[in-house]
Protein chains: 2
Amino acid sequence: MPEQPQVTLDDVAQAAGVSPATASRVLNGATQVRADLRDRVLEAAGRLAYTPNPHARALARASSPAVGVICHDIGDPYFAGIARGVMRTAAEEGLQVILGSTFREREREVAYVSMMRGQRVRAILLIGSGFEDRPWQKAMQGELAPYIAAGGRVAAVSRHQGLRVDTVLPENREGAAALAGALLALGHRDFAVLTGPASLTTVVDRLGGFKNALAEAGVTLAPDQIVEGAFTRDGGYEAATELLRRGLRATCVFALTDVMAVGALTALREHGLAVPADVSLAGFDDIPIVVDLTPPLTTFRLPLEDLGRRVMAMALQPARARSRTDRVLGEVVLRESTAPPARPAGWSPAPPAERISQ
Amino acid sequence: MPEQPQVTLDDVAQAAGVSPATASRVLNGATQVRADLRDRVLEAAGRLAYTPNPHARALARASSPAVGVICHDIGDPYFAGIARGVMRTAAEEGLQVILGSTFREREREVAYVSMMRGQRVRAILLIGSGFEDRPWQKAMQGELAPYIAAGGRVAAVSRHQGLRVDTVLPENREGAAALAGALLALGHRDFAVLTGPASLTTVVDRLGGFKNALAEAGVTLAPDQIVEGAFTRDGGYEAATELLRRGLRATCVFALTDVMAVGALTALREHGLAVPADVSLAGFDDIPIVVDLTPPLTTFRLPLEDLGRRVMAMALQPARARSRTDRVLGEVVLRESTAPPARPAGWSPAPPAERISQ
DNA sequence: CTGAAAGCGCTTACAG
DNA sequence: CTGAAAGCGCTTACAG
């Protein structure tokens with residue numbers, strides 16, 4: 001490994017016959033430098049293929065052009081979609097992105113924040129759901145507070161209880177309620193829900209919104225028709241399987257995420273149930289793939305890439321006295337995976353099911 | 001923004017009543033330090049919540065614990081899957097990952113390498129397909145060579161022509177050939193191919209392998225049955241639509257990636273064609289979702305996450321005199337999207353279609 | 001406008 | 001085993 005000495009600012013300065021200070025100024029776009037000096041510096045830098053050492057720069061400037069992005073699983077289409085938006089804005093702004101993927105272990109999230117804080121990133125983006133977990137919130141806030149106090153920026157997607165951070169808040173509660181409304185309008189009265197870990201704020205919000213809307217319509221959700229699974233494709237598959245084992249009494253199944261719905265669809269199919277003929281199925285998020293399922297999935301659309309762009313944009317804005325919340329609208333998208341129930345139980349006509357915008 | 005002064009090594013040393021050198025040694029796990037001093041340092045560091053400044057460290061050590069990872073689109077399940085594997089190994093090794101997503105603009109790939117090189121990352125991982133593009137290869141090699149000469153490590157997934165880099169090589173050519181064999185064994189003689197940009201080495205390899213295998217079986221592929229599209233879901237949708245516009249004469253359609261196959265499946269369905277009753281469809285990669293399609297997709301499975309782990313592992317090994325290539329096996333996975341042709345044209349029985357392993 | 005000098009926070013030979 | 005000192009490569013007041 002023939003370690004090659006790196007070309008340094010001093011080399012450039014020397015080659016150009018100026019001081020390092022002047023070379024630095026030129027290379028940083030200072031305009032108050034004599035034209036001929038500037039040219040010599042630029043020429044020398046080009047000839048020597050000079051690349052500034054970002055660590056030296058970060059050290060001297062006490063700031064770096066990097067942002068940290070933490071998600072639960074970069075292999076998950078939901079996070080991949082948001083990350084895509086983040087990368088877009090990062091590229092436009094010339095920022096580096098340091099990625100953290102926790103594999104859904106929440107302690108790793110704290111560890112990543114600690115690492116990125118040490119790294120002196122300009123901003124930290126939390127794009128995974130928050131946790132309803134007091135000790136975790138304490139630990140996280142313990143990392144975040146000093147970082148923010150030192151001038152760091154933090155922005156999150158979804159509700160992060162207990163953390164004082166700027167937030168891009170997708171309409172989880174309202175969206176689930178709107179979806180419930182649309183499914184009720186279709187004539188459903190018997191629902192099952194495939195839910196995720198109860199400690200996720202996203203689960204709380206979506207499940208809460210859905211249940212509330214049902215309750216307001218006088219519809220109750222039987223406890224045994226709520227099945228918890230992992231927030232993954234396999235989690236959806238297994239939750240649906242468990243639901244069938246318990247005995248499916250619902251005419252419509254709501255999976256809290258599209259990813260879970262995808263697994264559920266296969267489980268239903270494997271058990272000989274046709275969607276929507278035998279049972280309707282709805283998801284949440286509108287990840288890219290669900291329009292290609294058979295049948296295409298009814299869902300609540302979240303603009304994933306836009307979520308990513310927004311959270312990045314928010315992090316790049318200066319901090320305010322109190323943390324801000326940007327609500328992001330979504331919309332119910334009715335597709336073929338939902339239809340009026342085959343066996344409406346004492347059902348009276350409902351208003352037509354249109355696309356309900358929020 | 002009340003900029004808080006950061007706790008420095010000197011603070012720790014002072015609090016512990018030792019020199020910065022000693023504090024540094026303790027914090028870096030040196031064993032040859034008197035126990036009581038070590039304890040005092042550790043205590044002070046803990047009490048002050050000291051975090052070393054990685055930039056200072058990188059500057060002093062002339063190396064940083066970061067690796068750069070460049071893909072074409074982090075929103076694409078293929079790359080998201082590989083990235084997942086990369087993140088796994090990175091976490092295990094305590095490495096930071098700087099992510100680059102080029103949005104399929106090849107110049108951005110060079111720009112990212114340049115940036116990461118400047119960043120003094122330990123290694124650069126190219127996980128996107130290579131390009132059959134001489135000027136691009138020159139530009140890329142121009143960035144890579146000095147980086148490597150300076151001790152940097154580079155590893156790639158897929159064939160990167162013109163770049164002297166260690167490679168994790170999925171069996172694109174052999175895989176496509178094996179898939180062709182399996183489809184021939186099913187009785188197909190009339191094929192169509194939905195291909196991607198011809199400048200991608202992955203396209204060249206998969207298309208070449210597929211065609212070759214057909215040729216060896218005495219089957220030719222009509223030029224008008226080969227349609228090029230973008231390497232995306234929409235590219236697959238559009239290519240399939242164009243194929244139908246031209247007149248589908250094939251009994252089996254091969255999409256060069258699962259992502260394209262997903263779009264193609266929807267296009268076929270929208271045009272009233274049943275898969276596999278009217279036409280068989282096969283993809284490549286075995287991204288997580290395709291098992292949940294209706295019908296589940298026949299494909300050539302690549303162990304995506306493993307690809308990511310391997311390329312990372314390779315980059316962490318010391319460089320060798322000549323670049324290495326790790327071939328990664330895959331396997332044909334026959335699912336319900338392929339079946340014997342509905343109208344076998346002068347067809348003689350073929351050997352039974354089993355799962356053909358490579 | 002330009003340069004000498006100090007400083008960013010850490011590591012590591014080099015003496016003791 | 002421990003510490004004083006130099007150095008990593010850059011930036012930025014501070015003088016001129």
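Below, read A as the first sequence line, B as the second, and so on, with proteins coming before strands; counting in each chain starts at 1.
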Using a 4.0 Å heavy-atom cut-off, does B/P54 contact any base of the nucleic acid, only the sugar-phosphate backbone, or nothing at all? nothing
note: B/R57, atom CZ; D/dC10, atom P; distance rounded to Å ~ 21 Å
Atom CG of B/D36 and atom P of D/dC1 are separated, to the nearest Å, by 13 Å
Side-chain atoms of A/A60 come closest, of C/dC10, C/dA4, C/dC8, to C/dC8
Rounded to whole Å, the CG-P distance (A/D11 to D/dC10) equals 8 Å
Checking C/dG9, D/dG9, D/dC1 against the side chain of B/N53 (C-beta onward), the nearest is C/dG9
Atom P, compared across C/dT2 and C/dA6: separation rounded to whole Å:
22 Å
B/L59 atom CG is separated from D/dG7 atom P, nearest whole Å, by 14 Å
To the nearest angstrom, the CG-P distance between A/L27 and D/dG9 comes to 16 Å
The answer to which of A/N28 and B/A21 contacts DNA chain D further toward the 5' end, by nearest nucleotide, is B/A21
Atom CG of B/D10 and atom P of C/dG7 are separated, to the nearest Å, by 12 Å
query: Got a salt bridge between A/R153 and A/D166, using NZ or NE/NH1/NH2 to carboxylate O under 4.0 Å?
result: yes
Atom CZ of A/R25 and atom C1' of D/dC10 are separated, to the nearest Å, by 13 Å
Applying the 3.5 Å cut-off to both distances, the Watson-Crick or G-U partner of D/dA13 turns out to be none
Mate of C/dA4 across any strand shown (Watson-Crick or G-U wobble, both atom pairs under 3.5 Å) is none
(message) Which label fits A/W136 and A/F131: parallel for a plane angle under 30°, tilted from 30 to 60°, or perpendicular past 60°?
(response) perpendicular
Quick note, A/R34 side chain, CB onward, closest among C/dT12, C/dC1, D/dC10 is C/dC1
Taking C/dT11, C/dT2, D/dT11 as options, the one with an atom nearest any side-chain atom of A/T22 is C/dT2
When A/L9 and B/G17 are each assigned the nearest nucleotide of DNA chain D, the 5'-most assignment goes to B/G17
query = Is the number of heavy atoms from other residues, nucleotides or ligands under 6.0 Å of A/R327 CZ greater than 12?
reply = no
query = Should B/R104 and B/E109 count as an ion pair when the cut-off is N to O under 4.0 Å?
reply = no
Are more than 12 heavy atoms, taken from residues, nucleotides or ligands other than A/R164, located less than 6.0 Å from that residue's CZ atom? no
When rounded to whole Å, the CG to P distance for the pair A/L37 and C/dG3 reads 7 Å
